[in-house]
Amino acid sequence: MVSFQLRRAGVWVVCLWALVPGAVLAPFLFWQSPLLGGLFCLFWLAACLWALPRRLFSLCGTANLGEVRITAGVLFKSSRRLLTHRVSAVSRLTSPLLRLCGCCVLVLVTSGALVVLPGLANEDADRLAALLGGD
């Protein structure tokens with residue numbers, strides 16, 4: 001059985017990525033109204049630096065020969081069960097910053113779902129990909 005959890009450094013890299021769309025949209029909102037732009041920036045910073053890390057830190061999972069079970073949630077826990085024989089592709093995405101942290105983004109493709117595991121440790125991603133037949 002393989003158990004995995006997102007790494008702290010990988011989660012913070014993902015949160016930095018999430019700040020980029022807000023930085024692109026903020027000038028357009030400041031152009032409309034400085035108050036609206038300021039409120040948007042406060043909301044976006046709170047979402048990216050408080051809510052998103054809490055959600056990602058709660059994500060954990062286990063995998064065995066028959067299924068992959070992923071649970072996440074801060075207030076309300078949710079669980080997703082993927083059958084391993086239904087996984088059709090395993091993709092691994094990295095960036096220079098993620099490589100520096102020893103992490104990657106693992107994407108599992110099934111017939112009914114696309115599961116993205118951002119900030120997963122390279123060792124966990126290797127074991128999970130080997131179990132699912134991706135490597």
Side-chain angles (χ1 to χ4, degrees):
M1 175 166 11
V2 176
S3 62
F4 56 90
Q5 191 168 5
L6 302 184
R7 217 182 235 183
R8 291 188 80 73
V11 167
W12 287 114
V13 169
V14 171
C15 292
L16 283 176
W17 288 346
L19 285 173
V20 172
V24 171
L25 292 175
F28 296 106
L29 292 172
F30 273 113
W31 179 58
Q32 298 292 323
S33 163
L35 179 65
L36 182 65
L39 288 174
F40 173 76
C41 286
L42 285 175
F43 171 74
W44 198 265
L45 281 173
C48 292
L49 299 179
W50 184 76
L52 183 62
R54 287 185 186 275
R55 171 75 176 172
L56 291 177
F57 285 141
S58 71
L59 194 139
C60 62
T62 58
N64 56 25
L65 292 177
E67 69 179 11
V68 177
R69 186 172 297 270
I70 301 168
T71 59
V74 179
L75 186 57
F76 300 107
K77 289 278 188 189
S78 64
S79 180
R80 175 172 287 260
R81 183 176 159 250
L82 301 170
L83 299 175
T84 55
H85 70 276
R86 301 260 185 200
V87 175
S88 59
V90 178
S91 298
R92 179 187 219 152
L93 307 170
T94 60
S95 70
L97 194 54
L98 276 175
R99 274 191 296 262
L100 187 68
C101 295
C103 299
C104 68
V105 175
L106 197 69
V107 179
L108 306 176
V109 180
T110 67
S111 59
L114 180 73
V115 179
V116 179
L117 299 171
L120 194 62
N122 284 333
E123 300 83 26
D124 291 340
D126 289 338
R127 286 186 283 148
L128 194 57
L131 180 73
L132 297 174
D135 283 343

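Values in this document were obtained by computation on a predicted structure and should not be read as measured data. The first residue in the sequence is number 1, and the count goes up from there. What's counted below: heavy atoms across the whole structure, side chains too, no hydrogens, waters or symmetry copies.
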Chemist: Look up atom CG in L6 and atom OG in S58, then write down how far apart they are to the nearest 0.5 Å.
Modeler: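 Here the interatomic distance stands at 8.5 Å.
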Chemist: Dump the intermediate steps for side chain to side chain contact (heavy atoms under 4.5 Å, CB included) on L98 and W17, then the final yes or no.
Modeler: CA-CA 11 Å; L98 276 175; W17 288 346; 3.2 Å; yes
Chemist: With sequence neighbours excluded, give me every salt bridge (charged side-chain N to carboxylate O under 4.0 Å, His left out) pair touching residues 65-74.
Modeler: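 Checked against salt bridge (charged side-chain N to carboxylate O under 4.0 Å, His left out) - neighbours excluded - the pairs reaching residues 65-74 are E67-R69, E67-R81.
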Chemist: Name all residues meeting the side chain to side chain contact (heavy atoms under 4.5 Å, CB included) criterion together with T84; count only those two or more places apart in sequence or in a different chain, and write none if there are none.
Modeler: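 Residues passing side chain to side chain contact (heavy atoms under 4.5 Å, CB included) with T84: V68, L132.
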Chemist: Taking transitive links into account, so neighbours of neighbours count too, which hydrophobic residues share a cluster with L42 at under 4.5 Å side-chain distance?
Modeler: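 Cluster partners of L42: none, it stands alone.
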Chemist: Is it true that V11 and L97 fall in one hydrophobic cluster, defined by side-chain heavy atoms closer than 4.5 Å?
Modeler: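 Result: yes, single cluster for both.
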Chemist: Please set out all donor-acceptor pairs under 3.5 angstrom arising from side-chain atoms of residues 19-36, sequence neighbours excluded.
Modeler:
unit_1: S33; atom_1: OG; unit_2: L35; atom_2: N; d: 3.4
unit_1: S33; atom_1: OG; unit_2: L36; atom_2: N; d: 3.4

Chemist: Can you list the steps and then say if N64 with V2 is a side chain to side chain contact (heavy atoms under 4.5 Å, CB included)?
Modeler: CA-CA 6 Å; N64 56 25; V2 176; over 6 Å; no
Chemist: Considering residues, nucleotides and ligands other than R99, do more than 12 of their heavy atoms fall under 6.0 Å from its CZ?
Modeler: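 Enclosed.
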Chemist: Please find the pair of heavy atoms, one from M1 and one from T62, that lie closest to each other, and give the distance.
Modeler: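 In terms of heavy atoms, the two residues are closest at SD-CB, 3.8 Å.
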Chemist: Tell me whether L106 is reachable from L83 by hopping between hydrophobic residues (I, L, V, M, F, W, Y) whose side-chain heavy atoms are closer than 4.5 Å.
Modeler: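 No; L106 is not reachable from L83 via cluster members.
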Chemist: Do the side chains of T71 and S78 get nearer than 4.5 Å, heavy atoms only?
Modeler: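 With C-beta onward as the side chain, the pair stays apart.
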Chemist: Should F43 and L45 be counted in the same cluster of Ile, Leu, Val, Met, Phe, Trp and Tyr side chains packed under 4.5 Å apart?
Modeler: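 No, F43 does not connect to L45 through the hydrophobic network.
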Chemist: Find out whether the Lys NZ or Arg CZ of R8 is both under 6.0 angstrom from the six-membered ring centre of F57 and within 45° of the ring's axis.
Modeler: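 Output yes; distance and angle both within limits.
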Chemist: Show me, pair by pair, the donor-acceptor contacts under 3.5 angstrom made by side chains of residues 108-123, not counting sequence neighbours?
Modeler:
unit_1: T110; atom_1: OG1; unit_2: G112; atom_2: N; d: 3.4
unit_1: T110; atom_1: OG1; unit_2: A113; atom_2: N; d: 2.9
unit_1: T110; atom_1: OG1; unit_2: A113; atom_2: O; d: 3.1
unit_1: N122; atom_1: OD1; unit_2: R92; atom_2: NH2; d: 3.3
unit_1: N122; atom_1: ND2; unit_2: G102; atom_2: O; d: 3.4
unit_1: E123; atom_1: OE1; unit_2: R7; atom_2: NH2; d: 3.3

Chemist: Looking only at heavy atoms, which two atoms of C48 and P53 are closest? And how far apart?
Modeler: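 Closest heavy-atom pair between C48 and P53: O-CD, 3.3 Å.
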Chemist: Just to verify, what does F40 make a ring pair (Phe, Tyr, Trp, His ring centres under 6.0 Å) with, not counting sequence neighbours?
Modeler: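 Result, ring pair (Phe, Tyr, Trp, His ring centres under 6.0 Å) vs F40: W44.
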Chemist: Quick one, C60 and F4 - any side-chain contact, counting heavy atoms below 4.5 Å?
Modeler: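 Side chain of C60 against side chain of F4, heavy atoms only: no contact under 4.5 Å found.
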Chemist: Do T94 and V105 come within less than 4.5 Å of each other through their side chains, counting heavy atoms only?
Modeler: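 Heavy-atom side-chain distance check fails, nothing below 4.5 Å.
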Chemist: Should V90 and V107 count as side-chain neighbours, where that means a heavy-atom distance under 4.5 Å?
Modeler: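 With C-beta onward as the side chain, the pair stays apart.
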